[in-house]
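Structure record follows, encoded as structure tokens.
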Amino acid sequence: MNTLVSPMDSVAVAIVGSGGAGSITAGSLLLEAAGRIGWYGLMTRSVGPQIRGGEALAMVRLAGAPVGSHGDHFDVLLALDWHNADRFVDEVPLNANSLILAEAEAGEPPAVIMASGARLVTLPLESLAEGVEEGRPNIVALGVLARLLALPLDELLIVASRALERKGLDVDLLQETLKTGYDAAEILDDSIRALPPAPARGTRWRLTGNEAAALGALRGGVRFAAVYPITPATDLSEWLAVRLQRVGGHLIQAEDEIAALNMVLGASYGGIPSLTVTSGPGLALMSETLGLAVAAEVPAVVVNVMRGGPSTGIPTKSEQSDLNMALYGLHGDAPHLVLAANTVSDCLSATQWAVQLAEALQCPAIVLSDQFLGQSQSVCEQPVDHDGLGVASRLVAVEPGSAGRYDRYALTDNGISPMALPGTPGGQYTADGLEHNAHGIPSSRAADHRAQLDKRRDKLLHYDYGPLWADVEGDGELAVVVWGSATGPVREAAARARAQGLAVKVLSLRLLFPVQPTRLSALLAGVQRVLVVEQSHSQQFYGYLKAHYALPGEIRVLNQPGPLPIRPAAVLTQLLQWR
Amino acid sequence: MNTLVSPMDSVAVAIVGSGGAGSITAGSLLLEAAGRIGWYGLMTRSVGPQIRGGEALAMVRLAGAPVGSHGDHFDVLLALDWHNADRFVDEVPLNANSLILAEAEAGEPPAVIMASGARLVTLPLESLAEGVEEGRPNIVALGVLARLLALPLDELLIVASRALERKGLDVDLLQETLKTGYDAAEILDDSIRALPPAPARGTRWRLTGNEAAALGALRGGVRFAAVYPITPATDLSEWLAVRLQRVGGHLIQAEDEIAALNMVLGASYGGIPSLTVTSGPGLALMSETLGLAVAAEVPAVVVNVMRGGPSTGIPTKSEQSDLNMALYGLHGDAPHLVLAANTVSDCLSATQWAVQLAEALQCPAIVLSDQFLGQSQSVCEQPVDHDGLGVASRLVAVEPGSAGRYDRYALTDNGISPMALPGTPGGQYTADGLEHNAHGIPSSRAADHRAQLDKRRDKLLHYDYGPLWADVEGDGELAVVVWGSATGPVREAAARARAQGLAVKVLSLRLLFPVQPTRLSALLAGVQRVLVVEQSHSQQFYGYLKAHYALPGEIRVLNQPGPLPIRPAAVLTQLLQWR
Amino acid sequence: MGKPQPILSSLEAKDYKSAVKPIWCPGCGHFGIESALFRALAHLGLPPEQVAVISGIGCSSRLPAYTECYGFHGIHGRALPMATGLKLARPDLTVVVASGDGDAFSIGGNHFIHACRRNVDMTCIVMDNEVYGMTKGQPSPTTPPNWDCKIAPGGTGVSPFSPLMVALASGAGFIARGFSGDRNGIAKMLVEAIRYPGFALLQVLSPCVTFRPEEKDWRLQVHPSELPTTANWAEATRRLAADDGMTTGIFYKAELPLYPATVMEPIDQLNAIETELTL
Amino acid sequence: MGKPQPILSSLEAKDYKSAVKPIWCPGCGHFGIESALFRALAHLGLPPEQVAVISGIGCSSRLPAYTECYGFHGIHGRALPMATGLKLARPDLTVVVASGDGDAFSIGGNHFIHACRRNVDMTCIVMDNEVYGMTKGQPSPTTPPNWDCKIAPGGTGVSPFSPLMVALASGAGFIARGFSGDRNGIAKMLVEAIRYPGFALLQVLSPCVTFRPEEKDWRLQVHPSELPTTANWAEATRRLAADDGMTTGIFYKAELPLYPATVMEPIDQLNAIETELTL
Ligand SMILES: Cc1ncc(C[n+]2csc(CCOP(=O)(O)OP(=O)(O)O)c2C)c(N)n1
Ligand SMILES: Cc1ncc(C[n+]2csc(CCOP(=O)(O)OP(=O)(O)O)c2C)c(N)n1
Ligand code: SF4
Ligand code: SF4
Ligand SMILES: [Mg+2]
Ligand SMILES: [Mg+2]
């Protein structure tokens, strides 16, 4: 994979403004226009606590290689106004090379922002906009950015006119507004921070992680979903609802999360691959029902889009702190599948794989995504159709009972027992969360308990998960072990370290449970130092690694809670200091 | 602590019979009579799947030292009839030295039982009982056992007449019935298996772990409880309900477990130490609310009486498999207290301590007990009033706001902030599960999140838990690390190993979270081999130890799921084989 | 969405009984409901494999394994959403829910009111013994306030509610009450409930002889409704408002809009959706 | 159990307002409810520290921090049990619950029906905007079936239920509806609700101007009830059965037995209990 090696390979732009100023629209249009001519990109939005309106920030990073983080610093901070903009100061690190472009009439920039040493240039965006009929300052600003980034104006015009057409904006006037900004940016020609060359044209997708996960579910064959809304997972459900309708499936909003997962189990028991979508508090509520899916061996997928915790926490911000609950949050010995997406577009593969594994192994699968992956828009390559990741299939009992009693929980070699679907004559059985014998009859006998515990563990252990279980990049005596969205900054840091002559191996685990200690050991053969990177306060991932894997050599941990992302520079510093 | 060193130090009797035969009554009376004259003892009951009636088994072990397990073999199996008795065969291991006493008219004993090689003696219990007015075979059997165990008949008469008085049984007739059995047992005089000498008279308590936990809660100051019934925790609630009434408190049955814990939080927010009681599936449902207690810093105690899992599992049997969920089952980074009781009577101390810690640390505490501890009757010494375990106290804000704004979540040195109780002028604040600043106002700022995460972690880390955190016995290069009810058989095995010249150290952890790595390391200094013992299928305790502690030297794990208990001999074998 | 047609005309009640021995106490009211269900299914001629019996946890909820139908013995209180998911995914099946007063009205109360409202086609039998049988005798939402028990010495002091009134208020379209001692009576109501296209609720008074032995007297207290089934909501409200809780019969049966969507054959290709994501 | 007596006679509405700035959208109906609550508390002369406002999660549930009272902003749907625990532990406090149609009737539906039945003394305000505001526009149990939205394109097809009817069926003793545009009207009802010794439910129609802009028309649609408050359950049932959902007023107010127990002074010593355990 082609990666970002130097901060110069990319351009990071932040656009801030108060409610209605259009900073988010400007950011989106910038991303889309760049994507259309072959760039990669990432856009993340951040807003204040108000339900509607209030200050908003668009963070856009564009590059000639896939973008998995917002980098270390922003090259440009464009302020449509300064209203409450200081709340974003932590999210938009600037340095002396950064450029602050501000509306001239907006007054003094907040002192904390100026403290970065960045150069300030003011522009009369509002009065320029007033000079054009229907002119808007955010579109003027886009024109400014186009010149600064050497981005063709006509691409911006295409995306802007398409996006704004339902508002009835006139294309010629739009063009004029953009041009006004472009011309006004002449004074910035000394700062031109042109994008590096675009790698290729026309192969790009634009999607959020939540959309990607929904599409992965559809590709995997999911045709029923039951959900309860929760930030930041609701948009996944909303995107999926209408698409499920189109493919003949159905999404139902349940009365709560417990109902949602029970509906999923009911539909799945009926033979339809099914899923639910939630975030921390909702996953907590599903814990009892997940245990039922384990014991009764019913496939089910739960996509958990993590947010800041504990409790209601920080619903609109990202954190990797539901790991423990996903791995261990069920009562009893309840082996199940836990997967994690490590890029926006990987939300697709991880979810599709989860559907496949859940169906193949008759077991619930939790997919961990997070607010950053789920709600960031990525311009990326068309998500790979990984080998073998097609429509999921389940081992169905075709003529159950034809050769005697049908044993739903038969002890087979690989632990997977053919499942009779309701409607099939001779396959009648009662799925049960009580411990049972092979036939499904409740039993408290030690031998039955042991046999079924073994079966449920072994079916997961003996399955061949193939290469998808982890992404491996590079080589060296120094390895970084990471998971989920922390992979983006780690990859970038590793690429930079390599450019500086330090060999670094990166392992990003996609399959978190069942654990793969032999495979990890093989991959870590020869490694002397391991850096563990994660976005949690209590080193949950490191605890998990210690519990289940033998990590070689010296170990360090770089962990940090949300809401701020881990930056490549922080990882790079750790790597370089450790030479 | 005085421990069982040889199997000869105790007598283990199993009494089996079909519904209504009175095997459980006989077992209880035997235990009580022995206890009255200074014996220690333990009685556990086991029943078939029928809701009422059906076969029942009483397992009673009596000894001159505290009894923490049922040992390896039963000395006597007394069968009032053989109806479905074979279902208990795994629970009642017999060997060639065992004696089977069976009702003469009950027919052949099940072959699996005779396969043990035990000696069979039949007695006409029923016809003997018929010979006395109001005579019952189970009371005749008690007379038989009295002779066999050299237990004074008059003690049995006292307990039996008290227990049966509400059935209106005549004392003289009872005595006659007992005597009939006693006399009939003459043929057994070659088998007299007299109890070892009783250590002391009159200091014994008789209680179950569930009663002990309830009493611990009361001692700790709990005056409000909200529960939802669930096996095997319901009897704790039922015992507590009437006692709370007597001390001016109240127990309410909520509509479900989620309501129960939220009621507890409401009452605790109001300043009253409060608790709920549940088992696996209920704890799973409480997970989201536990996170709220962590984030909003509200004291609360949850006693979780573990049963076989996963899902509905084996509700009437014991297992230590909710450990993972108790430790890690909350979303977000949610540090909380997890304690475990390691004997029946320790359910008292563990719960009382939990109340104290929860109140002192403004944090939820989960107490792990299990079906074995909770529902076994122990005859034991009066539970110690551990140093400093009195009535819990909370750091209350006395004159909040008198020196300016009252900050509910003020960042103090030890992380504990004075809590204003509703009704106190000037202390008004809003408790919140959203991340907040020191004042309690919702905040998504990184600095506030970090400060509160640090605070919530550090208050637990910096507290001095004193010696109660673990029980330590013995010394040696070989150590057993154990928790909960598995401690009983481990202690017994260690005592036997020591008697055979093998030095063994036993560490039983009472405080599972926060972890105490420095203390454990200090205790394990010089240890070369560590045996981890637990009753779970997936080595949950071992995983926990690996994640949080550095265990020295070579490590082995003895783990086994429920429903059968870990036997001292299994532990002893591991220890001796490892010399 | 249509109900499967009888394909075997010769099914008898015993064809629906499995080999699993009930754990119920001798004399438990639940036996009567089991046998009434078999009679109803036989009468309808529904092949056992076309029927799914979904339950939660409780003595009552043990029913599925005692039938020769497909079954799911789920977790406490959650049978209704599970049945909802199943029916939406598999509209061809006949879905029956077996529940108890604790399972349906206490922990499952939220799903109960929402199932009434949502109107997915299924039959919900609540075996109401006004107690938690399985956990050995605690009060449920239908237990009288002064019932003395260990967990609430002297009684809870809380008035029981009428589940049928709550169901009506929540939007259920078929509301009936039976008595487990009257097997044929329940069987008949079940036939009508299963035929009813929507959510049908049948509360069955089912004595718990072990923990509420006084309920044996129900036999003397139940009485059939003197009024015919009404399709008028306000009228049904009036009747249930005046009801003593011991009346049996189908009180209310109305035509209501069914929950509209299920899983069906695809009407669009996934490709079309994927294309929308390309720039 | 008695309500605290006013000790300050000079409290004004503004004394109940905290310094925390609401996150609500300009024009949100919830503002009206906030201010009505302040008026009611001032009218009752309740010292702010004697009042606890308990909520779940939602725009509506943000209310506690905006008051100068004690507050608990708990988790979604669970305010009622939390308030129950608080009131039983601290009968001296005035307990007010702030909830929304999603919080109280969807995820919190079970606690809602049981709070109605249990009758612990508290006032429950449900700010009903027939939508999930906080999560940006999904249908709630009171949303019309044909309301088109992203998560249910074309509408859910499920009929809304009347929470007041459900409350009545579940046993609530004080049932009222107000409109957030009528601050004085709500304030008056709140005064009566808080004085009512038992569980008092006040549904307030509170437009969500952002996700249900059409609700601005509610101003034109609401109308006060023409009938006086009744204490007769059957009568209340009839009236709610005929209600159009836009009537405001106190429909029902009855004397019902309160939940009997609270935490009190000890009446026995722990020692006595311990002694029972000795052999
Ligand atoms: C989450 C959870 N909480 C509690 C229980 C314990 N439990 C099992 S059955 C039951 C009550 C059953 O009562 P009901 O539904 O009336 O059925 P009955 O036994 O009376 O037929 C309870 C509380 C459980 N299994 N799961
Ligand atoms: C367990 C859980 N599930 C879901 C959510 C997400 N959530 C927050 S508020 C809300 C709905 C609020 O609707 P309502 O109660 O009507 O309040 P409103 O915002 O309309 O005033 C939801 C679904 C959550 N916080 N917790
Ligand atoms: S306990 Fe009651 S409900 Fe349960 S089986 Fe026995 S009689 Fe029936
Ligand atoms: S989203 Fe609706 S309910 Fe929420 S604050 Fe805005 S207007 Fe009010
Ligand atoms: Mg019942
Ligand atoms: Mg709402």
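Residue numbers start from 1 in every chain, and the chains themselves are labelled A, B, ... in the order their sequence lines are given, proteins ahead of strands.
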Considering only heavy atoms and a distance below 4.5 Å, find which of [options] pairs most often with chain D.
{"options": "Met263(B), Arg246(B), His250(B)", "result": "Arg246(B)"}
{"options": "Arg223(B), Glu288(B), His439(B)", "result": "Glu288(B)"}
{"options": "Pro383(B), Gly423(B), Gly271(B)", "result": "Gly423(B)"}
{"options": "Thr424(B), Ile441(B), Asp256(B)", "result": "Thr424(B)"}
{"options": "Pro425(B), Pro422(B), Pro442(B)", "result": "Pro422(B)"}
{"options": "Leu207(B), Ile252(B), Leu265(B)", "result": "Ile252(B)"}

> salt bridge (charged side-chain N to carboxylate O under 4.0 Å, His left out): which pairs involve residues 27-43 of chain D, sequence neighbours left out?
Replying inline: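 Sorted pair list: Lys17(D)-Glu34(D).
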
>> According to salt bridge (charged side-chain N to carboxylate O under 4.0 Å, His left out), does anything in residues 432-443 of chain B pair up with another residue at least two apart or in another chain? List the pairs.
In response: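 Those involving residues 432-443 of chain B are Glu435(B)-Arg456(B).
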
Check each atom of [X] against the heavy atoms of chain D and say whether the ones under 4.5 Å are side chain, backbone, both or neither.
{"X": "Leu215(B)", "answer": "side chain"}
{"X": "Ala260(B)", "answer": "neither"}
{"X": "Val159(B)", "answer": "neither"}
{"X": "Val247(B)", "answer": "both"}

As an exercise, state the distance from [atom1] of [X] to [atom2] of [Y], rounded to the nearest 0.5 Å.
{"X": "Arg195(D)", "Y": "Thr123(D)", "atom1": "CZ", "atom2": "OG1", "answer": "11.5 Å"}
{"X": "Glu211(B)", "Y": "Leu240(B)", "atom1": "CD", "atom2": "CG", "answer": "11.0 Å"}
{"X": "Leu31(B)", "Y": "Arg206(B)", "atom1": "CG", "atom2": "CZ", "answer": "6.5 Å"}
{"X": "Arg62(D)", "Y": "Cys28(D)", "atom1": "CZ", "atom2": "SG", "answer": "12.5 Å"}
{"X": "Ile57(D)", "Y": "His73(D)", "atom1": "CD1", "atom2": "NE2", "answer": "3.5 Å"}

> Between Arg117(D), His111(D), Glu68(D), which has the largest tally of heavy atom pairs under 4.5 Å with chain B?
Replying inline: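 Top option by heavy-atom pairs under 4.5 Å: His111(D).
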
>> Within residues 290-297 of chain B, which residues come under 4.5 Å of chain D, heavy atom to heavy atom?
In response: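 Heavy-atom contacts from residues 290-297 of chain B to chain D are Leu292(B), Ala296(B).
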
>> Looking only at side-chain N and O atoms, does Tyr132(D) offer a donor or acceptor that is under 3.5 Å from a partner on Ser106(D)?
In response: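 Yes - a donor-acceptor pair under 3.5 Å links their side chains.
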
> So, do Tyr429(B) and His436(B) have ring centers that fall under 6.0 Å from each other?
Replying inline: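 Here the rings of His436(B) and Tyr429(B) have centres that are no less than 6.0 Å from each other.
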
> Do other residues, nucleotides or ligands put more than 12 heavy atoms under 6.0 Å from Glu399(B) CD?
Replying inline: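 No, CD of Glu399(B) has 12 or fewer neighbouring heavy atoms, counting only those of other groups under 6.0 Å.
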
> Name the one of Val96(D), Val97(D), Val53(D) that satisfies side-chain contact (heavy atoms from CB on, under 4.5 Å) with Ile125(D)?
Replying inline: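 Single side-chain contact (heavy atoms from CB on, under 4.5 Å) partner of Ile125(D) among Val96(D), Val97(D), Val53(D): Val96(D).
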
[X] versus chain B, heavy atoms under 4.5 Å apart: side chain, backbone, both or neither?
{"X": "Arg118(D)", "result": "side chain"}
{"X": "Glu276(D)", "result": "side chain"}
{"X": "Ala65(D)", "result": "both"}
{"X": "Ile273(D)", "result": "both"}
{"X": "Ala79(D)", "result": "neither"}

> According to the side chain to side chain donor-acceptor pair (under 3.5 Å) rule, which pairs have a member within residues 257-276 of chain B, sequence neighbours left out?
Replying inline: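 Passing the test, one end in residues 257-276 of chain B: Asn262(B)-Thr289(B), Ser268(B)-Arg394(B).
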
> How about Thr67(D) and Phe38(D): do any of their side-chain heavy atoms sit closer than 4.5 Å?
Replying inline: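 Counting from C-beta outward, Thr67(D) and Phe38(D) do come under 4.5 Å.
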
